Q: 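So that we are looking at the same thing, I have put the structure below in structure tokens.
Given the structure is predicted, the values throughout are model-derived calculations rather than measurements. Reminder, nothing fancy here: chain letters follow the sequence lines and each chain counts from 1. These values consider heavy atoms only, across backbone and side chains, with no hydrogens, waters or symmetry-generated copies.
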Number of protein chains: 2
Amino acid sequence: MPNAFVRKLRRFADLDDEAVGRLVRLTSRAEPRGRGSDLVRQGERPLAMQLLLSGWACRYKSLASGRRQIVGFLLPGDICDLHVTLLRRMDHSIGLLTDACVVAVTAAEEQELERHASIRTALTCSTLVDEAILREWLTTVGQRGALARVGHLVCEIWYRLKAVGQVDERERFAFPLTQDVLGDTLGLTPVHVNRMLRRLRDERLIELERKQLRLPDPARLVATCGFDPAYLHLDQKRRLTSGMSSAG
Amino acid sequence: MPNAFVRKLRRFADLDDEAVGRLVRLTSRAEPRGRGSDLVRQGERPLAMQLLLSGWACRYKSLASGRRQIVGFLLPGDICDLHVTLLRRMDHSIGLLTDACVVAVTAAEEQELERHASIRTALTCSTLVDEAILREWLTTVGQRGALARVGHLVCEIWYRLKAVGQVDERERFAFPLTQDVLGDTLGLTPVHVNRMLRRLRDERLIELERKQLRLPDPARLVATCGFDPAYLHLDQKRRLTSGMSSAG
DNA sequence: CGCGCAGTTGAATGGACTCAAGCACGGTGG
DNA sequence: CCACCGTGCTTGAGTCCATTCAACTGCGCG
């Protein structure tokens with residue numbers, strides 16, 4: 001039974017048995033890490049690429065002013081920093097938003113993996129998509145109003161979780177983000193995030209309680225915040241089916 | 001005499017004569033393109049990686065609302081889209097801000113280039129830095145005030161141009177960006193950009209006329225907008241010297 | 001039981017936007 | 001040569017969205 005990481009790479013390239021075997025062996029080393037701990041820290045020398053097998057994490061940049069900007073979410077199966085060992089120092093940190101399982105992959109193991117053309121292709125695609133997400137986030141913060149910012153992010157997470165089989169048939173999924181975290185992500189104050197969430201709730205576009213989010217009418221949410229999933233490149237190999245290949 | 005592209009890659013890895021020869025041969029095909037034309041367009045299938053040998057370009061995303069967000073500037077020597085042919089469709093466009101010289105590199109030629117370990121390393125570093133810049137921009141738009149946004153961008157461009165020898169000894173450099181373009185980059189209206197430029201001028205932090213920008217006191221500008229060049233990873237191979245190796 | 005974190009709501013403030021008018025420059029054509 | 005026009009820049013006045021400040025609620029947990 002493949003883990004989240006293998007499932008993710010399969011979306012980008014066909015992996016033969018040997019490749020899958022190698023990936024599974026690698027990920028068997030997974031170690032549990034507690035919520036709130038940092039996987040890597042801004043200013044430090046990067047030692048290894050890391051894989052997130054379960055749990056949520058975020059990349060963030062801290063400013064001298066004390067403010068911080070979250071510049072990415074890492075969901076189960078996501079890759080922390082491909083090739084990052086080439087750089088001298090990290091320009092951002094990665095922190096865990098929930099308890100998680102993580103595998104550290106040394107530069108040598110990374111090179112080993114990339115001998116497989118299919119794995120290399122999949123990893124490269126994955127980083128291209130990460131970059132595309134970053135561009136979309138910049139667009140969101142630069143151009144969209146507060147309501148659309150919140151809604152747009154919700155749509156993105158819905159699509160991304162759906163792609164790894166973590167949305168149930170009632171369009172419900174885990175959503176462990178605090179309003180504070182949302183604020184640091186979207187360039188808004190937590191107070192204002194709160195008001196926008198309220199409006200989305202009042203308009204029956206989301207249902208949120210106890211860190212569980214449900215989209216009663218995904219199409220309407222997508223429409224009202226102008227969400228276009230093209231940037232996620234989900235149809236990279238095959239078009240995403242409405243349901244999930246292996247339900248969670 | 002190496003071109004801007006070779007000079008840029010040299011910052012990331014030692015290139016032997018054969019590698020340089022290959023790069024020079026490739027870039028000899030450069031073609032002139034007029035200001036305002038698009039190198040690639042959002043929604044189209046990507047056909048080739050492109051190299052910008054001279055001139056300025058920008059990546060931008062267009063929204064259904066008619067607004068647009070600029071998500072990156074390409075300066076002389078910059079690489080448009082490494083590996084992008086792996087994706088089905090472009091999620092953004094690239095447009096020329098000035099007249100320019102451009103080389104298109106097919107996927108096959110790209111693979112050919114990457115047989116050289118040193119070239120591959122340099123290209124990878126380059127994309128890592130591009131991603132780092134994107135994260136910093138998101139931080140700028142998300143967390144900084146309007147004045148610091150403008151100042152921060154000016155600092156970044158100063159550093160980047162300095163690294164490719166396009167800043168003269170009086171800290172003067174070409175700055176072909178209109179206030180409209182700055183607005184679309186920083187998430188501000190052109191009117192507000194104008195006011196911020198005025199304040200920077202009034203405080204003697206910049207001198208700007210006829211598309212020429214000068215920093216009378218770079219250190220003070222860097223300080224007042226909280227700029228930290230770490231994210232540009234300029235010390236990747238060797239520390240940047242105060243002057244330029246080959247003055248332009 | 002009391003503490004702390006996350007969320008909620010209100011009122012006042014302010015930074016950036018909108019709308020609008022006018023200016024300066026460069027290119028074009030009569 | 002100069003009138004014309006378009007693009008980009010400049011400045012002012014009024015508005016609005018998001019922030020700030022502050023108080024209060026609800027819940028989980030020791």
Q: Taking only residues two or more places apart in sequence or in another chain, which ones pass side chain to side chain contact (heavy atoms under 4.5 Å, CB included) with S54(B)?
A: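 Residues passing side chain to side chain contact (heavy atoms under 4.5 Å, CB included) with S54(B): C101(B).
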Q: Rounded to the nearest angstrom, tell me the gap between atom CG in D180(A) and atom C1' in dG4(C).
A: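 To the nearest whole Å, that distance equals 14 Å.
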Q: For DNA chain C, which residues in residues 184-201 of chain A have a heavy atom at a distance below 4.0 Å?
A: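 V191(A), N194(A), R195(A), R198(A), R201(A), in order of number.
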Q: Which pairs pass ring-ring contact (aromatic ring centres under 6.0 Å, His included) with one or both residues in residues 209-229 of chain A, sequence neighbours excluded?
A: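 Listed by first then second residue: H152(A)-F227(A), Y159(A)-F227(A), F227(A)-Y231(A).
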Q: Would you please name every residue forming a ring-ring contact (aromatic ring centres under 6.0 Å, His included) with Y60(A), sequence neighbours left out?
A: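 Y60(A) satisfies ring-ring contact (aromatic ring centres under 6.0 Å, His included) with no other residue.
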Q: Could I get the full list of side-chain hydrogen bond (donor to acceptor under 3.5 Å, both in side chains) partners for D78(A), not counting sequence neighbours?
A: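 Expected list: K8(A), R160(A).
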Q: Five pairs at each end of the helix from dC1(C)-dG30(D) to dG30(C)-dC1(D): take the axis at both ends and give me the angle between them to 10°.
A: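 One end axis against the other gives 30°.
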Q: For DNA chain D, which residues in residues 56-74 of chain B have a heavy atom at a distance below 4.0 Å?
A: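 DNA chain D contact set from residues 56-74 of chain B: none.
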Q: Along nucleotides 24-30 of chain D, 5' to 3', which nucleotides get a B, which get an S, and which get a -, given that the test is a protein heavy-atom distance under 4.0 Å?
A: ----S--
Q: Taking only residues two or more places apart in sequence or in another chain, which ones pass salt bridge (Lys or Arg N to Asp or Glu O under 4.0 Å) with R29(B)?
A: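 R29(B) satisfies salt bridge (Lys or Arg N to Asp or Glu O under 4.0 Å) with E109(B) only.
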Q: Considering only distance and modelled atom types, tabulate donor-acceptor pairs under 3.5 Å from the side chains of residues 194-201 of chain B, sequence neighbours left out.
A:
unit_1  : atom_1 : unit_2  : atom_2 : d
N194(B) : ND2    : Q179(B) : OE1    : 3.1
R198(B) : NH1    : D202(B) : OD1    : 3.1
R201(B) : NH1    : L208(B) : O      : 3.3

Q: Which pairs count as salt bridge (Lys or Arg N to Asp or Glu O under 4.0 Å) when at least one residue sits in residues 48-57 of chain A, sequence neighbours excluded?
A: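 Of all non-adjacent pairs touching residues 48-57 of chain A, none passes salt bridge (Lys or Arg N to Asp or Glu O under 4.0 Å).
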Q: In residues 136-147 of chain A, which residues come under 4.0 Å of DNA chain D by heavy atom?
A: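 Nucleic-acid contacts, sorted: G145(A), A146(A).
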